[in-house]
Amino acid sequence: MEYRDLKAQYAALKTQIDAQIAEVIGETSFISGSKVKQLEQRLAEFVGVKHCVSCASGTDALLMPLMAWNIGPGDAVFVPDFTFFASAEVVARLGATPVFIDIEYDSFNIDPEKLETAIEKVEAEGRLKPKVIIPVDLFGRPADYRKIKKIAQKHNLLILEDSAQGFGGALDGKKAGSFGDAAGTSFFPAKPLGCYGDGGAIFTDDDSLAEYLRSIAVHGKGKDKYDNVKIGMNSRLDTIQAAILLPKLDALRDYELEKVNAAAAKYNELLDGFVATPHIPEGYYSCWAQYSILLKNSAEREKVRETLKAAGIPSNIYYQKPMHAQTAFAYLNLSDDDFPVAADVCTRVLSLPIHPYLDDDTIAFICDTLKSALE
Ligand SMILES: *Cc1c(COP(=O)(O)O)cnc(C)c1O
């Protein structure tokens, strides 16, 4: 059994994907070919924003807006304590200070009340300047932008939405990728919209930010690549990856989102009352980057994992460690006491196979096997 079945997806889309790849090779337009522009337009339209700037990875898609906003030493950037390392890595990479915020049990996302308390504390201390909030649409469910936007406005902060796991999700009729002053997404193969290598994209309604991003993505270009007006980097989406993403975006929009939501609903139905299942409240729509449950404790999680493994069912732990406990952030001197929810969730969370090509019989088999480990 596959954890995220990219082989089944390729089998379904093979004719289109192969033809797309062949076209790019035929044209030998490997960098910045016409399919990159085409994809950017289609992505911007799907998300409902003015600009999409593609780039080399989801990590760069977070790094570049922070560069454009001139984030650096002395700046505080608020990041959930429970996320993939890159969400906070980009902050520290620029010399700014990540301020970690505990999460909610229900959503696994940043806790807006704790966020506001932390902002007020940084303001009162006066040592760092609060600049940006990076909410993460973890496991495919958008963060609570209803509250986060109000907090950002009140404290005059920018929002950089980390939608690496969120592409295809929505809140109150608006698509993930449209909630921040800028948003970054990832096309890493296992993400909700994945290519066949590394890739990413930035979304924004801000014309001057989009222009700035297009410049730093290509060595700080001015008139052209050999007129360099600022210090940039090389971060582009390969034309072949854009070509692969075009039919995949159609599939995601036309049926994959619906199918993956049906799979999650089936899990919820079969696991209800046995384990804590993910909850998607009114107004929210998840793209199910992960289907994550909570067990009673780490011993029960180990037992479940081993039982699943013996039956040939893959499972994963996202995440083993909260951000504040990562060795790379030891210099911040933070303790579990300040992040009780994230610290607890790390000991009990477990993610089960989820993807649009998962059928009901397989889900029933996974759930039966899981339940047998609970008895
Ligand atoms: C995957 C991921 C990233 C980084 O994306 P890459 O394309 O791997 O660089 C950033 N944030 C989150 C939450 C992610 O899951």
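Atom set for the values below is all heavy atoms of this structure, side chains included, hydrogens, waters and symmetry mates excluded. Computed from a predicted model, the values in this text were never measured in an experiment. In listed order, ligands and their atoms are each counted from 1.
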>> I'd like to know if E40 pairs up with R214 as an ion pair, taking the criterion as any Lys NZ or Arg NE/NH1/NH2 lying under 4.0 Å from an Asp or Glu carboxylate oxygen.
In response: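 Looking at E40 and R214, the cut-off is met.
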> Does the pair D344/R348 count as a salt bridge with the N-to-O cut at 4.0 Å?
Replying inline: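 Yes, D344 and R348 are salt-bridged.
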Could you list the atoms of ligand 1 found under 4.0 angstrom from a heavy atom of [X]?
| X | answer |
| --- | --- |
| V136 | 13 (C) |
| S87 | 11 (N), 13 (C) |
| A86 | 4 (C), 10 (C) |
| T83 | 13 (C) |

Does an N or O from [X], backbone or side chain, lie closer than 3.5 Å to an N or O of ligand 1?
| X | result |
| --- | --- |
| T59 | yes |
| F84 | no |
| Y319 | no |

>> With side-chain contact (heavy atoms from CB on, under 4.5 Å) as the test, pick out the partner of F82 among V341, I110, L138, D102.
In response: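 For F82, the side-chain contact (heavy atoms from CB on, under 4.5 Å) test succeeds with only one of V341, I110, L138, D102, which is L138.
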>> Students often mix this up, so state it plainly: with edges at 30° and 60°, are the rings of H324 and F339 parallel, tilted or perpendicular?
In response: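 Ring orientation, 0 to 90° scale: parallel.
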> For atom 14 (C) of ligand 1, what is the nearest protein heavy atom, given as residue, atom name and distance?
Replying inline: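 I find the closest protein heavy atom is K191 NZ, 3.1 Å.
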>> Looking only at protein heavy atoms, which one is nearest to atom 13 (C) of ligand 1, and what is the separation?
In response: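 For atom 13 (C) of ligand 1, the nearest protein heavy atom is D162 OD2, 3.4 Å.
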> Which of the listed options, A56, G194, S57, S186, holds the heavy atom that is closest to atom 5 (O) of ligand 1?
Replying inline: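 The option holding the nearest heavy atom is S186.
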> Could K248 and Y10 be counted as a cation-pi pair, given that NZ or CZ must be under 6.0 Å from the ring centre and within 45° of the axis?
Replying inline: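 No, a cation-pi geometry is absent between K248 and Y10.
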>> Run the salt bridge (charged side-chain N to carboxylate O under 4.0 Å, His left out) test against D368 and tell me which residues pass, sequence neighbours left out.
In response: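 D368 satisfies salt bridge (charged side-chain N to carboxylate O under 4.0 Å, His left out) with no residue once adjacent residues are dropped.
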>> Any donor-acceptor pair under 3.5 Å linking the side-chain atoms of H355 with those of Q9?
In response: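 Per modelled atom types, Q9 and H355 side chains form no pair under 3.5 Å.
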